[in-house]
Amino acid sequence: MEEKKFKPFIPADRILPEITPVSIVLGILLAVLFGAANAYLGLRVGMTISASIPAAVISMGIIRIIMKRDSILENNMVQTIGSAGESLAAGAIFTLPALFMWASESDVIHKPSFWVIAIISLCAALLGLIFMVPLRSALIVEEHGVLPFPEGTACAEVLLAGEEGGEKSKLVFSGLGISTLYKFIADGLKLFPSEIDWSIKSVGSGFGADVLPSLAGVGFICGKKISSYLFAGGLIGWFVAIPLINLFGSTLQLAPAKVPVSELGVWGIWSNYIRYVGAGAVATGGIISLIKSLPTIIRTFTKAVGGFGHKVASEERTNRDLPSAFLFALAALIVITIWLLPAIPVGILGALIIVLFGFFFATVSSRMVGIVGSSNNPVSGMTIATLIIATALLKSTGHTGIAGMISAICIGTIICIIACMAGDISQDLKTGYIVGATPRNQQIGELIGSVAAALAIGGIMFLLDKAWGFGSKELPAPQATLMKLVVEGVMGGNLPWILVFTGAGIGIAIEVVGIPVLPVAVGLYLPIHLSTPIWIGGLLRAWFDRKGEAGKEAGENGILFGSGLIAGEGLVGIILAILAVIPVNGKNLLAVMDMGGALGNAGGVIFFAALMALYYVFANKKLKK
């Protein structure tokens, strides 16, 4: 069979350092860094990035170049621990901000405590790990050469390239430094507005762009096709839907708005109408992705259930997992914790149902990322399906009102984090399989990263909420807002269903013509100001891609540089949030530094053009071999 023929880079009979104090400390730091960066990015644009490759590159830069240590497995352990922060943050920020938004809308609802967030996140992350262990043999080993696991394979290539030197890490650090400075000037000193905006009265709409490094990086990493889909969704919302609403409804007061359309302005129309249309399209896209994956889901789930607890005959180092007894005991402890946690009043039966759903969606996620990669994993669809079922069950059993909605969001959070973690862990285990890591050590590393990320995410969310507030213009939290709308709609029936069904119809029409629904739907849901710079980044990637093999190295360099741009902006976003809560003479420190956008929109255009020129230079840079 294929798995018997495959020989990893480090043979099973060779022992190298893996779990070391250096790998643990550096991995935890990167887990917190990328967790914070992805939390900020996801709350701003509704998208997150895989941290495995940038974590591996940074690890090589520090361990190999600065510390002069030589172990590819130690580098792999750093990225294994570090990537846990990104995946846990993605699951948490897609759902939990809904609890903060409900608290801000009512005087009788309290925000979740730090420990509630940490416990829910940790329980979910550990379940994702527990469920992935029995899937490893089926998906990683037995289907090696069948399932590509794109991010996991790419990360292994980066680590193997690191055996020839850590030159590529300089690209990540360069992007991080440039992004840090740019973001601080734009949103710290506010020398120019990071969001440039123009009103186009002749068509009853507007146009603009958030001229930020992270968005350019996201566009480059996604490529022209996906970024174009996002931009197309924005064009439908801002140059089709908004002008039509202005034309036919200017004198009318249409629910859910409480004033006539003519008084709303472009942003008011987007907030009251377009985002509901976008929510319907996003929900439809997620459900369509889930339905199309059902044959794969059922096949993988059946195989995983049959193989759980099966003891592998070989005891060689590269085939050792955490013992089944430990996993069963940990799962039992988590079930008891969920059962007794007041924030999720579901009882022991409900806790067991959560675990069953979690295992099901872990198999879905792991299989899907093996085929299409983490970026295209339909986690939103899984979470929406879970929220609809959970809310309906809670409502039917008497758990209604805000208490029932909070319970539904907590259940959805657990499933969402499980799906994100299982997908990320499967990519990490694929990387380890190729380079010759010890699976059990990687699984211990994931456990360490999960604990660190779970403790960090609560503090990060409280900090961002205090600085700007979830659902604000600075942090629109698009995914969490969508989940909030879904729960409210099922529980109270107060959604403007006509708008939601309109979005669903658009989503189905997009699917009929053979275009991926989710990226277009996300672009429709978000302001065009976010999809415009993403599209520009995608166009730069297309410039290199059209050169074929000659542009391949530039494309790889651009992905690493873009990862640094995203990490740097996310880091500064957290720093600015800290400055925003430090009082100074009746204001806050961030307000004291404010230069009021002295350079105006023109300054934003010039700085962003300079940023894209630097992007071109660094992507085109010839690295020493």
Side-chain angles (χ1 to χ4, degrees), residues 88 91-128 279 283 331 333-361 379-421 454 457-458 461-462 465 470-471 477 479-495:
L88 187 147
I93 58 96
F94 280 5
T95 49
L96 285 176
L99 302 181
F100 288 81
M101 287 187 270
W102 278 325
S104 66
E105 294 169 1
S106 172
D107 296 330
V108 298
I109 304 171
H110 300 290
K111 295 177 182 178
S113 70
F114 169 87
W115 289 110
V116 166
I117 293 175
I119 292 171
I120 290 175
S121 300
L122 182 59
C123 286
L126 294 181
L127 283 175
L333 178 62
I334 293 171
V335 169
I336 294 171
T337 302
I338 294 173
W339 170 31
L340 298 177
L341 194 65
I344 316 177
V346 294
I348 186 64
L349 179 60
L352 291 172
I353 291 173
I354 290 173
V355 171
L356 180 62
F357 265 79
F359 185 45
F360 178 75
F361 282 121
V379 172
S380 293
M382 301 178 208
T383 308
I384 290 169
T386 299
L387 287 175
I388 291 173
I389 296 170
T391 307
L393 287 174
L394 288 166
K395 186 177 180 180
S396 66
T397 55
H399 295 88
T400 57
I402 191 64
M405 293 193 295
I406 290 173
S407 296
I409 284 291
C410 291
I411 293 170
T413 299
I414 293 174
I415 301 301
C416 190
I417 293 177
I418 286 174
C420 290
M421 288 294 295
I457 192 64
M461 292 181 71
F462 273 99
D465 178 62
F470 299 130
Q479 294 280 8
T481 302
L482 172 59
M483 304 306 171
K484 173 175 174 283
L485 294 176
V486 168
V487 173
E488 289 174 345
V490 176
M491 187 67 75
N494 56 353
L495 273 182

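These numbers come from a predicted model, not from an experiment.
- Between Cys410 and Leu99 there is a side-chain heavy-atom pair separated by less than 4.5 Å.
- Across every non-hydrogen atom of Leu88 and Ile417, the tightest pair is O-CG1, 4.1 Å.
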side-chain contact (heavy atoms from CB on, under 4.5 Å) for Ile411 and Leu394? Distances and angles first, verdict last. CA-CA 11 Å; Ile411 293 170; Leu394 288 166; 4.2 Å; yes

Contacts table for residues 109-118: side-chain donor-acceptor under 3.5 angstrom, sequence neighbours left out:
unit_1: Lys111; atom_1: NZ; unit_2: Asp465; atom_2: OD2; d: 2.6
unit_1: Ser113; atom_1: OG; unit_2: Val116; atom_2: N; d: 3.1

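- Considering every non-hydrogen atom in both Ala408 and Leu387, the closest pair reads O-CD2, 3.2 Å.
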Determine whether Ile415 and Thr383 satisfy the following criterion, side-chain contact (heavy atoms from CB on, under 4.5 Å), listing intermediate values before the conclusion. CA-CA 7 Å; Ile415 301 301; Thr383 308; 5.7 Å; no

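- For the side-chain contact (heavy atoms from CB on, under 4.5 Å) test, residues two or more places apart in sequence or in another chain that qualify with Ala331 are Ile130.
- Residues passing the side-chain contact (heavy atoms from CB on, under 4.5 Å) test with Ile119 are Cys123, Thr337, Leu341, sequence neighbours excluded.
- Between Leu356 and Leu352, every side-chain heavy-atom pair lies at or beyond the 4.5 Å cut-off.
- Here Phe462 pairs with Phe100 under the ring pair (Phe, Tyr, Trp, His ring centres under 6.0 Å) rule; sequence neighbours left out.
- For Ala480, the side-chain contact (heavy atoms from CB on, under 4.5 Å) partners at least two apart in sequence or on another chain are Pro97, Met101, Ala477.
- Within the model, atoms CG of Leu333 and CD1 of Ile336 stand 6.5 Å from one another, a figure rounded to the nearest 0.5 Å.
- To the nearest 0.5 Å, atoms CG (Leu96) and CD1 (Ile120) are separated by 6.0 Å.
- Taking CD1 of Ile409 as the reference point, atom NZ of Lys484 lies at 9.5 Å (rounded to 0.5 Å).
- Shown here are the side chain to side chain donor-acceptor pair (under 3.5 Å) partners of Trp102, two or more places apart in sequence or in another chain: Glu488.
- The shortest heavy-atom contact between Ile338 and Ala351 is CG2-CB, 4.0 Å.
- Listed by first then second residue, pairs satisfying side chain to side chain donor-acceptor pair (under 3.5 Å) with a partner in residues 401-417 read Thr95-Thr413, not counting sequence neighbours.
- Listed by first then second residue, pairs satisfying side chain to side chain donor-acceptor pair (under 3.5 Å) with a partner in residues 389-399 read Thr397-His399, not counting sequence neighbours.
- Between Ser121 and Ile457, the shortest heavy-atom contact is OG-CG2, 3.8 Å.
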